[in-house]
Amino acid sequence: MELLDNPVRAYAWGSRTVIADLLGHEVPSPHPQAELWFGAHPGDPSRLVHADGSHTSLLDALRSDPERLLGVDRRGHWDSTLPFLLKVLAADEPLSLQAHPSIEQARTGFAREEAAGLSPDAADRNYRDPNHKPELICALTDFHALVGFREPAVTVRLLRELEVPELAGHAELLAAQPDHDGLRALFTTWITLPQSMLDTLVPALQEGCVRLAGSGGEFHVEARTVLELSERYPGDAGVLAALLLNRVTLQPGEALYLPAGNLHAYLSGAGIELMANSDNVLRGGLTPKHVDVPELLRVLDFTAGPPPVLTGSPDGGWIRYDTPAKEFLLRRWAGGPTGPVTVPDGGPRILLCTSGSACVRAPGEELEISRGGSLWMAAAETGVSVIPMAEDTQLFLAGDGLG
């Protein structure tokens, strides 16, 4: 077992308090801190902290000794790479509207852009690696998001209650075809509108949202959200797209799984994010960055309905969040001091402490981690247990989902 030193990613939408406070740094931080990464992503790998104080990139360590760190079975299954990336995400402002590709779409898109000679950091590049990016977000605080397409009949009610004449025809088109094809048609219409039409339609929508947000009715939260987005991104087609999505608030400990093709935007809050080790994003608006509409439409899943909120299931003292993704599995422990809690064997694991402290024991060694601390456990390190040492201790354990 070895402690980890992890990179902080600074994006404009990040928080100046959450990650700085977690790490015990100066608050507020000089710049917004959006994500804290734990893993071996080539773009920003964690570093192993050795007993003598020296550091080694986790990515380099995996390349030099994949069998011990990943396990013989995992090495072959994951092609000698760590399949997951763990993050602390802290959003004070909305992220871009986005979706992620399936594994087949990612492989095809990456090969196509490689053949075209696109630079890995090109602004118009969609696929930076040949992997998919299913992800799980587990709330640390109240966490607000737009996730997946809302049932069309409910969206029709929302559009009608806005009483925006410029949207009336669109509402009736969806009412005439209240299914995934109708959603696709309306979304495609909105995201391809000329800027001149957006500059008229979005302000009209703002007026409708002002009325509806103050009504206290069924859609006042949705109207307030769209109003906030329109003020931040005037004239952006993503503001219209937000009208089609489920508005979700997670309580701490609740989670959402986002499969390929799910259109979503995190709005605000802090959470633990666990995903396949990829950086492939297709954006759909609420951003000045590149939006490739044809490719986005190829990736999107227009299946409608409320996203299932995961509360987890008991698993040997842990709460386990099961998903269809084999690249990752998240477990959480929260509660007061207790006897040893067994860390499941099998593959590489990363343990993160978000509050309190814990003693981590393995045969012949012992480490202590406190709030903001994390450690790496190689596949070869078995028989590990954790002893929480404070009433408010909360731990997250990331591994793969192969069992």
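The first residue of the sequence shown is numbered 1, and numbering continues consecutively from there. Below, each value reflects all heavy atoms present in this structure, side chains not excepted, and no hydrogens, waters or symmetry copies.
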For side chain to side chain contact (heavy atoms under 4.5 Å, CB included), just list the numbers for Trp333 and Leu397, CA-CA rounded to whole Å, side-chain angles, deciding distance to a tenth of an Å, and then say yes or no.
-> CA-CA 8 Å; Trp333 192 95; Leu397 179 68; over 6 Å; no

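- No side-chain donor from either of Thr303 and His180 sits under 3.5 Å from a side-chain acceptor of the other.
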Sequence neighbours excluded and cut-off under 3.5 Å, please list the side-chain donor-acceptor pairs for residues 254-262, or say none.
from	atom 1	to	atom 2	distance (Å)
Glu254	OE1	Gln251	N	2.9
Asn262	OD1	Gly148	N	3.4

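- Contact check for Glu2 versus His50: side-chain heavy atoms found under the 4.5 Å cut-off.
- Across all non-hydrogen atoms, the minimal contact from Ser278 to His132 is CB-O, 3.2 Å.
- Residue pairs satisfying the ring pair (Phe, Tyr, Trp, His ring centres under 6.0 Å) criterion with at least one member in residues 339-361, sequence neighbours excluded, are absent.
- The ring-ring contact (aromatic ring centres under 6.0 Å, His included) test applied to His100 returns His264, not counting sequence neighbours.
- Test Glu26, Gln33, Arg16, Arg371 against Asp21 for side chain to side chain contact (heavy atoms under 4.5 Å, CB included) and you get one pass: Arg371.
- A donor-acceptor pair shorter than 3.5 Å can be found between the side chains of Arg75 and Ser80.
- For the residue pair Thr81/Asn277, the side-chain donor-acceptor check at 3.5 Å is not satisfied.
- Every residue two or more places apart in sequence or in another chain that forms a ring-ring contact (aromatic ring centres under 6.0 Å, His included) with Trp37 is listed here: His41.
- Residues satisfying the ring-ring contact (aromatic ring centres under 6.0 Å, His included) criterion with Phe302, sequence neighbours excluded, are Phe149, Phe187.
- One finds a salt bridge joining Arg112 and Glu295 here, because a Lys/Arg side-chain nitrogen approaches an Asp/Glu carboxylate oxygen to under 4.0 Å.
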Under the side chain to side chain contact (heavy atoms under 4.5 Å, CB included) criterion, do Asp236 and Leu198 qualify, and how do the steps go?
-> CA-CA 7 Å; Asp236 192 308; Leu198 288 172; over 6 Å; no

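- Residues passing the ring-ring contact (aromatic ring centres under 6.0 Å, His included) test with His170, sequence neighbours excluded: Trp190.
- Counted by atom type alone, Asn280 and Asp129 present one or more donor-acceptor pairs between their side chains at under 3.5 Å.
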